[in-house]
Amino acid sequence: MQEKIKMQTPLVEMDGDEMTRVIWKMIKDILILPYVDLKTEYYDLGLENREKTKDQVTFDSAEATKKYGVAVKCATITPNAQRVDEYNLTQMWKSPNGTIRAILDGTVFRTPVVVKGITPFIPTWTKPITIARHAYGDVYKNTELKVKAGAKAELLVTNQDGSTETALIHDFNSDGIIQGIHNTDNSIANFARSCFNYALDCKKDLWFSSKDTISKTYDHHFKDIFAEIFENEYKQKFDAAGIEYFYTLIDDAVARVVRSQGGYIWACKNYDGDVMSDMVATAFGSLAMMTSVLVSPDGVYEYEAAHGTVQRHYYKHLKGEETSTNSIATIFAWSGALRKRAILDNNEELKDFADRLEQASIKTIEDGIMTKDLYALSNLENKKAVNTEEFLVEISKRL
């Protein structure tokens, strides 16, 4: 047995929920631990432990990520009312991703894994589209209230000097709802610079879209900050690199994306990026084929799968039924985190392993061995659908 690859610095490891938690352990046991002397600082972000710690574990994992610089995260449940009952929660805990992103104040870059044999649903897409999603504020840090008929809802801002500003939201003649959202100039500027830097690194055009014609103060502010930073700091660099930046409305961007060949970075506000990354991933083949990395302005990286906890498969797994769950996005979260850790620590062996793990994963699919979601999409002649564990074993053979 060859000696395992050593690590100098731990990764922050954030475990998760349901089927992805099951796969998480399988990936470690089959694809990582036989080859790597894995060092991690472990945090259990499963919903039971978030309830037990009153969500403190989520905050602790984010602070550990700032300390060590690289984290890998399993998919987690963001509870709704049904989950509160199912897990007997004391409250509807917020999205762990939202909490971590707010603390790290980074940008999420999501790119599909493209493999031979799977043609995108939009056949003109010959190159991957990277979604750059702002990872702070907006609806993910919102404040909400139910409002009774006859109420008047107003925005109130109390300035540092004690002066106030108010704006009427609505006079309610029936019951209703209100929502308060916010963002900060620092976070928007960090988002812009992360996108411009990433575009220069990848040598790809950058698009940014919002809805400033309707949101004349909020969205327009994003547009202005992007424009100012680009003109003052990045225009000459973009010209030298032969790439371009432009702004367009979100509805125009969607139309352009559908007609395009791909091969660019599309920067979106938080909610837009959440929705559009799922659309792009699905159109390229599967949400389970989407890589995702949160990059903070001070160089902290958190790798995760872009999809959820695969609840339907988990309930089958609990009944002892066979599942065929695609683990590519979770594998690439591990390989991305291991590669970044290796680069920061100048660990060539570990970097080589991360590269080989990704190559083995892609080769398995291109050899015709895949989970059922990809089997239904693949146009390879000799293809075979395998179960969750068999797929990982096949990757290990090629690894």
Side-chain angles (χ1 to χ4, degrees), residues 50-51 54-56 58-59 62-63 66 78-81 83-84 89-108 132-195 208-229 247 249-251 267-276 294 296-298:
R50 277 183 274 147
E51 168 67 26
K54 302 301 175 205
D55 209 29
Q56 185 59 43
T58 307
F59 291 86
E63 292 301 330
K66 286 164 85 170
T78 299
N80 54 16
R83 297 294 206 167
V84 169
L89 304 178
T90 52
Q91 63 173 275
M92 207 181 290
W93 301 108
K94 293 208 168 187
S95 158
N97 289 340
T99 299
I100 292 162
R101 288 167 192 159
I103 292 169
L104 300 182
D105 194 12
T107 298
V108 179
R133 174 186 170 189
H134 189 208
Y136 176 79
D138 300 349
V139 73
Y140 300 84
K141 293 287 284 181
N142 68 18
T143 303
E144 302 174 318
L145 287 171
K146 289 182 178 177
V147 180
K148 291 292 182 191
K152 179 167 78 169
E154 296 176 290
L155 277 177
L156 167 66
V157 176
T158 305
N159 296 311
Q160 203 170 6
D161 63 4
S163 62
T164 60
E165 299 170 64
T166 58
L168 177 68
I169 297 170
H170 192 65
D171 274 316
F172 284 85
N173 55 18
S174 72
D175 291 358
I177 44 175
I178 60 168
Q179 180 182 78
I181 62 171
H182 77 278
N183 226 294
T184 70
D185 285 12
N186 281 345
S187 184
I188 299 166
N190 285 339
F191 172 40
R193 289 190 178 96
S194 293
C195 292
F208 173 53
S209 62
S210 73
K211 193 69 175 173
D212 67 292
T213 50
I214 301 300
S215 179
K216 291 180 172 25
T217 301
Y218 197 99
D219 280 25
H220 208 291
H221 200 56
F222 275 80
K223 177 185 174 183
D224 288 345
I225 288 173
F226 263 76
E228 183 183 348
I229 289 173
Y247 172 84
L249 291 170
I250 181 75
D251 36 346
C268 296
K269 289 172 60 213
N270 209 341
Y271 178 79
D272 296 344
D274 191 356
V275 175
M276 289 303 151
L294 174 74
S296 82
D298 50 356

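Residue indices begin at 1 and follow the sequence shown.
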Using the benzene-type ring in the case of Trp, are the ring centres of Y218 and H182 under 6.0 Å apart?
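No, too far apart.
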Trace of the side chain to side chain contact (heavy atoms under 4.5 Å, CB included) decision for V139 with Y271:
CA-CA 7 Å; V139 73; Y271 178 79; 4.2 Å; yes
Where [X] and [Y] come nearest, the two heavy atoms and their spacing:
X    : Y    : value
E154 : I169 : C-CD1, 3.8 Å
F191 : A267 : CZ-CB, 4.1 Å
R50  : P96  : NH1-CG, 3.2 Å

Donor-acceptor contacts under 3.5 Å from residues 101-108 side chains, at least two apart:
| from | atom 1 | to | atom 2 | distance (Å) |
| --- | --- | --- | --- | --- |
| R101 | NH2 | E304 | OE2 | 3.0 |
| D105 | OD1 | S187 | OG | 2.7 |
| D105 | OD2 | N190 | ND2 | 3.3 |

Salt bridge flag under 4.0 Å for residues D219 and K269
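Counted as a salt bridge, because a side-chain N and a carboxylate O are separated by less than 4.0 Å.
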side-chain hydrogen bond (donor to acceptor under 3.5 Å, both in side chains) evaluation trace for H221 with D185
CA-CA 8 Å; H221 200 56; D185 285 12; 2.7 Å; yes
Atom pair [atom1] ([X]) and [atom2] ([Y]), whose distance is rounded to the nearest 0.5 Å:
X    : Y    : atom1 : atom2 : value
D224 : T217 : CG    : OG1   : 10.0 Å
W93  : D55  : CH2   : CG    : 6.0 Å
L249 : K223 : CG    : NZ    : 7.5 Å
K94  : M92  : NZ    : CE    : 11.5 Å
Y140 : I181 : OH    : CD1   : 11.0 Å
T58  : E63  : OG1   : CD    : 12.0 Å

CG/L168: more than 12 non-hydrogen atoms of other groups inside 6.0 Å
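Correct, the count exceeds 12.
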So with a 6.0 Å cut-off around NZ of K211, is the heavy-atom count from everything else above 12?
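Counting neighbours around NZ of K211, more than 12 heavy atoms of other residues, nucleotides or ligands fall under 6.0 Å, so yes.
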For [Y], is there any backbone N or O sitting under 3.5 Å from a side-chain donor or acceptor partner on [X]?
X    : Y    : answer
K216 : T213 : yes
D161 : S163 : yes
D175 : K148 : no

Compare all side-chain heavy atoms of [X] with those of [Y] and state whether any distance is below 4.5 angstrom.
X    : Y    : answer
V147 : F172 : yes
N270 : R133 : yes
F208 : F222 : yes

Any chance you could lay out the side-chain hydrogen bond (donor to acceptor under 3.5 Å, both in side chains) test for N97 and S95, step after step, and finish with the verdict?
CA-CA 5 Å; N97 289 340; S95 158; 4.9 Å; no
Do T184 and N186 have side-chain N/O donor and acceptor atoms under 3.5 Å apart?
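Per modelled atom types, T184 and N186 side chains form no pair under 3.5 Å.
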My understanding is that only residues two or more places apart in sequence, or in another chain, count here; which of them pass side-chain hydrogen bond (donor to acceptor under 3.5 Å, both in side chains) with T164?
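Applying side-chain hydrogen bond (donor to acceptor under 3.5 Å, both in side chains) to T164 gives none.
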